[in-house]
Amino acid sequence: MSFLSCEEMLAAARSQNLSLAEAILRSDLAESRLTEEASRHAMHHLWHVMEATSLDYDPAQRSRSGLSGGDAAKVEQAHQAGRSYGGDYLAEVTAEALKTAECNACMKRIVAAPTAGSCGVLPAVLLPLARAGEADEEAICEALYVAAGFGQVIAARATLAGAEGGCQAEVGAASAMAAAALCHLKGGTPEQCAAAAAMALGNLLGLVCDPVAGLVEVPCIKRNVVGAVNAVSCANMALAGVDYAIPCDEVIDAMGRVGSLLSPDLRETGQGGLAATPTGVRIAERLTEEA
């Protein structure tokens with residue numbers, strides 16, 4: 001995709017009288033030189049992998065470090081027992097975010113959307129809708145094009161790497177992508193999709209990347225849940241007509257600047273934040289001894 005700004009992306013949809021998904025698809029085809037059939041096939045394949053990751057989840061499996069695994073099943077069991085807030089959809093979003101992120105920690109197959117560390121956010125908000133029959137596969141894939149469009153602009157204007165911009169660049173970007181996708185699924189306008197993305201990224205501005213023992217597990221997995229729930233709330237606000245005072249492109253630019261200002265200790269080095277707590281240090285030392 002060749003868009004360098006959200007405004008350019010929205011303008012393409014307006015000027016050509018296209019849906020946002022269609023405008024993003026056409027831009028991608030022009031740059032990649034793929035056929036439309038090949039592009040759509042690839043997007044459906046990514047969706048099938050997201051579905052398979054959830055279906056293949058094994059609650060008994062643990063990561064090599066022993067820090068991750070089984071939490072998604074706990075959320076599902078608690079909801080079934082009536083011990084959770086927010087209804088079925090929120091419980092499913094929480095569980096699905098954990099499932100995919102746990103699968104990543106267990107070295108299973110996931111879709112980096114946009115990164116492995118933030119892989120749980122997009123499938124978490126979409127899988128429950130597909131299973132409930134609220135969105136068919138074609139609609140889901142259209143929403144994934146919208147998500148990809150915003151992800152590409154974030155990558156072009158700022159970064160998607162935690163090592164460069166902190167977790168705001170990973171989970172924050174994923175949350176923005178998911179919010180835009182959800183907004184599109186409910187018939188939101190391109191402008192509402194951009195507002196949802198701006199709100200979602202703005203809410204997570206400054207989020208540091210501080211993996212305990214340098215592993216993409218603690219606190220990364222739970223942050224996928226935060227990113228997914230944030231996406232839902234921001235999509236709901238945008239669909240209700242709530243606007244964001246700062247345009248999406250400016251939010252993205254701010255994220256890039258904030259990332260450059262973060263201490264290197266807070267950018268995936270495992271030297272600051274939660275990784276530097278006494279417990280975080282002890283975990284790192286234990287894993288080093290066991291290696």
Side-chain angles (χ1 to χ4, degrees), residues 53 57 61-72 74-75 94 97-124 151 154-155 158-178 200-231 252 254-291:
T53 299
Y57 173 74
Q61 190 169 13
R62 298 294 181 270
S63 65
R64 188 172 180 179
S65 68
L67 294 172
S68 310
D71 286 341
K74 292 176 184 177
V75 169
T94 303
L98 291 171
K99 281 182 184 179
T100 305
E102 286 178 9
C103 284
N104 178 55
C106 293
M107 304 302 289
K108 297 177 76 175
R109 195 178 189 203
I110 53 91
V111 176
T115 66
S118 60
C119 64
V121 179
L122 255 178
I154 293 171
T159 180
L160 298 173
E164 188 175 2
C167 197
Q168 60 169 359
E170 296 204 23
V171 168
S175 189
M177 292 163 64
L201 186 58
N203 287 346
L204 298 179
L205 209 63
L207 185 59
V208 304
C209 185
D210 52 350
V212 170
L215 302 172
V216 187
E217 299 185 59
V218 179
C220 320
I221 292 175
K222 274 69 173 183
R223 283 183 183 161
N224 275 258
V225 176
V226 171
V229 174
N230 179 51
I252 295 169
M255 186 270 279
R257 288 192 296 272
V258 169
S260 68
L261 292 171
L262 288 175
S263 162
D265 289 351
L266 302 175
R267 287 185 277 165
E268 210 174 357
T269 57
Q271 301 298 311
L274 294 175
T277 62
T279 298
V281 171
R282 284 196 296 272
I283 290 172
E285 290 173 346
R286 173 178 64 79
L287 293 176
T288 299
E289 292 170 358
E290 293 174 357

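Each residue takes its place number in the sequence, starting with 1.
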ask   = Quick one: are V216 and P211 in side-chain contact, heavy atoms under 4.5 Å?
value = no
key: Pairwise distance CD(E170) to OG(S118) - rounded to 0.5 angstrom   = 5.5 Å
Distance in Å, R62 CZ paired with S68 OG, rounded so as to fall on 0.5 Å steps = 9.5 Å
ask   = Would you say the side chain of L122 lies within less than 4.5 Å of the side chain of M177, judging by non-hydrogen atoms?
value = yes
inquiry  = Nearest 0.5 Å, please: how far is SG in C209 from CG in D265?
reply    = 12.0 Å
task = For the residue pair L201 and I252, establish whether any side-chain heavy-atom pair is separated by less than 4.5 Å.
result = yes
ask   = Okay, side chain of E268, backbone of A163: is any donor-acceptor separation there less than 3.5 Å?
value = yes
ask   = Taking the side chain as C-beta and beyond, is there a heavy-atom pair between T100 and V111 under 4.5 Å?
value = no
Minimum heavy-atom distance G270-A275, with the two atoms named = O-CB, 3.4 Å
Residue pair A105 / I221: nearest heavy atoms and the distance that separates them = CB-CD1, 4.1 Å
ask   = What's the spacing between L207 CG and L266 CG if we round to 0.5 Å?
value = 10.5 Å
ask   = Counting N and O atoms only, with roles assigned by atom type, does the side chain of Y57 sit under 3.5 Å from a partner on the main chain of G70, one being a donor and the other an acceptor?
value = yes
request  = Decide whether E164 and T159 meet the rule of one side-chain donor and one side-chain acceptor closer than 3.5 Å.
outcome  = yes
inquiry  = I'd like to know if the side chain of T53 reaches the main chain of R109, judged simply by a donor and an acceptor atom lying under 3.5 Å from each other, with no hydrogens or angles considered.
reply    = yes
message = Whether the side chain of S260 engages the backbone of R257 through a donor-acceptor N/O pair (distance < 3.5 Å, no angle test) should be reported.
response = yes
ask   = Considering only heavy atoms from C-beta outward, does the side chain of V171 approach that of V226 to under 4.5 Å?
value = no
remark   = Between I110 and C119 the two heavy atoms that sit nearest each other are CD1-CB, 3.9 Å
inquiry  = Does any part of the side chain of N230, heavy atoms only, come nearer than 4.5 Å to the side chain of L204, both counted from C-beta?
reply    = yes
key: Nearest-0.5 Å distance that lies between atom CD in Q168 and atom CG in L160   = 11.5 Å
task = Determine, step by step, whether N224 and L98 satisfy the side chain to side chain contact (heavy atoms under 4.5 Å, CB included) criterion, reporting the C-alpha distance in whole Å, the side-chain angles of both residues, the deciding distance to 0.1 Å, and the verdict.
result = CA-CA 7 Å; N224 275 258; L98 291 171; over 6 Å; no
Where S65 and L215 come nearest, the two heavy atoms and their spacing = CB-CD1, 3.6 Å
request  = For V212 and L274, work out which heavy atoms get closest and say how close.
outcome  = CG2-O, 3.9 Å
remark   = Correct closest heavy-atom pair for L287 and A213 would be CD1-CB, 3.8 Å
message = I'd like to check the side chain to side chain donor-acceptor pair (under 3.5 Å) partners of R223; sequence neighbours left out, ordered by chain and number.
response = D210
task = Decide yes or no for E217 and R64: does some side-chain heavy atom of the first lie under 4.5 Å from some side-chain heavy atom of the second?
result = no
request  = Decide whether S63 and E102 meet the rule of one side-chain donor and one side-chain acceptor closer than 3.5 Å.
outcome  = no
ask   = Is the backbone N or O of A112 less than 3.5 Å from a side-chain atom of T115, with the two atoms forming a donor-acceptor pair by type?
value = no
message = Filter on salt bridge (Lys or Arg N to Asp or Glu O under 4.0 Å), then keep only pairs touching residues 276-291, sequence neighbours left out; what's left?
response = R286-E290
key: Derivation of the salt bridge (charged side-chain N to carboxylate O under 4.0 Å, His left out) call for D71 and K99   = CA-CA 8 Å; D71 286 341; K99 281 182 184 179; over 6 Å; no
Pairwise distance NZ(K74) to OG1(T94) - rounded to 0.5 angstrom = 15.0 Å
